[in-house]
Student: 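Have a look at this one.
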Amino acid sequence: EAYAEQQKGGTLDYSQCYDMLCPELAVHILECAGYDAKVAKVLSFVWTHQRRWLEWDGEIAEVPLSADALPQGDPYGPLVLNTTMWAGYTIVTAKLKENHERVVREDRRKKAEKGSRARRRALPIRKAAKHEIYMDDRSWTAPDAANAVAPVKVWSEFSETAMLKEKPN
């Protein structure tokens with residue numbers, strides 16, 4: 001529906017999201033989202049103390065590797081990933097709204113200084129952007145190219161903070 005109504009869009013996808021998601025951050029996000037602290041404590045212990053043995057051609061390494069990542073197949077993995085993406089979405093939309101409000105204030109100030117002949121510039125996304133998130137895939141639509149590009153920078157900032165790596169284009 002959004003694509004039929006809007007004209008421009010963008011998408012982002014993380015590379016090896018489960019492998020890159022920091023267990024401590026994942027637990028912190030769960031706690032901030034209001035999940036049971038006891039469950040979070042158990043997950044934290046399991047995820048930060050896991051060991052993996054490499055196997056190659058029937059031989060198993062003598063020394064296990066420590067793995068600072070969410071284990072593949074963990075039943076809490078999708079919950080944690082969705083909660084992390086919810087946190088990212090919340091941060092991204094709040095920052096885009098702040099940017100929009102800042103530009104509106106600047107435009108009003110410039111218009112007042114120059115009179116009614118002041119030219120308006122493209123506004124960052126606010127209500128115009130429609131985000132869709134599925135696991136680590138993020139997509140959005142916007143009425144114009146300037147607004148369609150705006151989320152990329154803000155998602156990149158979140159990704160850097162969360163230590164997640166975007167897939168290359």
Side-chain angles (χ1 to χ4, degrees), residues 1-37 39-40 43-44 47-48 68-70 76-169:
E1 177 184 318
Y3 287 102
E5 296 172 9
Q6 309 260 340
Q7 298 173 359
K8 307 293 180 202
T11 62
L12 292 170
D13 184 18
Y14 289 120
S15 179
Q16 300 174 327
C17 193
Y18 285 104
D19 294 331
M20 301 296 288
L21 191 57
C22 173
E24 291 87 356
L25 177 62
V27 169
H28 177 71
I29 289 171
L30 283 178
E31 290 172 338
C32 290
Y35 288 94
D36 188 306
V39 172
L43 292 174
S44 176
W47 290 340
T48 58
D68 194 20
L70 296 185
Y76 278 94
L79 171 70
V80 171
L81 183 56
N82 281 320
T83 305
T84 301
M85 292 301 98
W86 166 80
Y89 170 77
T90 302
I91 291 167
V92 166
T93 54
K95 284 188 176 188
L96 291 171
K97 183 178 178 181
E98 287 173 18
N99 290 346
H100 170 77
E101 291 168 353
R102 179 185 48 77
V103 170
V104 167
R105 284 192 307 273
E106 287 176 13
D107 282 352
R108 286 184 183 145
R109 182 184 55 77
K110 288 178 182 177
K111 187 175 181 180
E113 288 175 2
K114 293 182 179 181
S116 62
R117 294 176 31 195
R119 194 173 135 189
R120 294 190 60 83
R121 58 183 193 176
L123 298 178
I125 294 176
R126 188 175 183 187
K127 291 183 180 179
K130 295 182 181 180
H131 273 76
E132 298 289 333
I133 299 175
Y134 177 74
M135 300 307 280
D136 67 331
D137 300 326
R138 289 136 300 138
S139 61
W140 59 90
T141 57
D144 56 49
N147 286 313
V149 172
V152 174
K153 180 178 185 252
V154 185
W155 272 112
S156 294
E157 291 168 0
F158 171 77
S159 301
E160 188 174 319
T161 301
M163 296 177 283
L164 296 171
K165 187 173 85 175
E166 298 286 353
K167 281 186 181 174
N169 294 339

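All values reported here derive from a predicted model rather than from experimental measurement. The figures that follow rest on heavy atoms only: side chains count, while hydrogens, waters and symmetry mates do not.
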Student: For residues 11-37, which residue pairs qualify under salt bridge (charged side-chain N to carboxylate O under 4.0 Å, His left out), counting only residues two or more places apart or in two chains?
Tutor: D13-K167
Student: Considering residues, nucleotides and ligands other than Y18, do more than 12 of their heavy atoms fall under 6.0 Å from its OH?
Tutor: yes
Student: Taking only residues two or more places apart in sequence or in another chain, which ones pass ring-ring contact (aromatic ring centres under 6.0 Å, His included) with Y35?
Tutor: none
Student: Kindly compute the distance separating CG (L164) from CH2 (W155), expressed to the nearest 0.5 Å.
Tutor: 10.0 Å
Student: Looking at CD of E106 and NZ of K110, how far apart are the two atoms once the value is rounded to the nearest 0.5 Å?
Tutor: 5.5 Å
Student: Please name the pair of heavy atoms, one in S15 and one in M20, separated by the smallest distance, quoted to 0.1 Å.
Tutor: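 Minimum heavy-atom contact is O-CG, 3.6 Å.
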Student: Tell me, do R105 and E101 make a side-chain contact under 4.5 Å, heavy atoms counted?
Tutor: yes
Student: Which atom names give the shortest non-hydrogen contact between W140 and A148, and what distance separates them?
Tutor: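 Shortest heavy-atom contact: NE1-O, 2.7 Å.
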Student: For Y89, give me all partners under ring-ring contact (aromatic ring centres under 6.0 Å, His included), at least two apart in sequence or on another chain.
Tutor: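 So Y89 forms a ring-ring contact (aromatic ring centres under 6.0 Å, His included) with H131.
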Student: Rounded to the nearest 0.5 Å, what separation is found between the CE atom of M85 and the OH atom of Y134?
Tutor: 13.5 Å
Student: To the nearest 0.5 Å, what is the distance between OG1 on T84 and CG on L30?
Tutor: 7.0 Å
Student: Taking all atoms of both residues into account, what is the closest heavy-atom pair of K8 and A145, and its distance?
Tutor: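 That would be CG-N, 3.5 Å.
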Student: Can we say R102 and E98 salt-bridge, meaning some charged N sits less than 4.0 Å from an Asp/Glu carboxylate O?
Tutor: no
Student: For E166, check side-chain hydrogen bond (donor to acceptor under 3.5 Å, both in side chains) against everything at least two apart and list the hits.
Tutor: R138, S159
Student: Identify the two heavy atoms, one from L81 and one from C17, that lie closest to each other, and give their separation to 0.1 Å.
Tutor: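 What the structure gives for the nearest pair is CD1-SG, 3.3 Å.
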Student: Roughly how far apart are M135 CE and I133 CD1, rounded to 0.5 Å?
Tutor: 12.0 Å
Student: What is the distance from atom CG of L70 to atom CG of L43, rounded to the nearest 0.5 Å?
Tutor: 9.0 Å
Student: Going by heavy atoms in the side chains, are W86 and N82 under 4.5 Å from each other?
Tutor: no
Student: Apply side chain to side chain contact (heavy atoms under 4.5 Å, CB included) to H28 and C32, showing your working.
Tutor: CA-CA 6 Å; H28 177 71; C32 290; 3.4 Å; yes
Student: Considering all heavy atoms of both residues, which atom of P23 and which atom of W47 are nearest to each other, and what is their separation?
Tutor: CB-CB, 3.6 Å
Student: Using the side chain to side chain contact (heavy atoms under 4.5 Å, CB included) rule, take V80 and L21 through it: C-alpha gap first, then chi angles, then the decisive distance, then the call.
Tutor: CA-CA 9 Å; V80 171; L21 191 57; 3.8 Å; yes
Student: Where do S139 and T11 come nearest, in terms of heavy atoms and distance?
Tutor: CB-CG2, 3.6 Å
Student: State which residues pass salt bridge (charged side-chain N to carboxylate O under 4.0 Å, His left out) with K165; sequence neighbours excluded, sorted by chain then number.
Tutor: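 Counting only residues at least two positions away or on another chain, K165 forms no salt bridge (charged side-chain N to carboxylate O under 4.0 Å, His left out).
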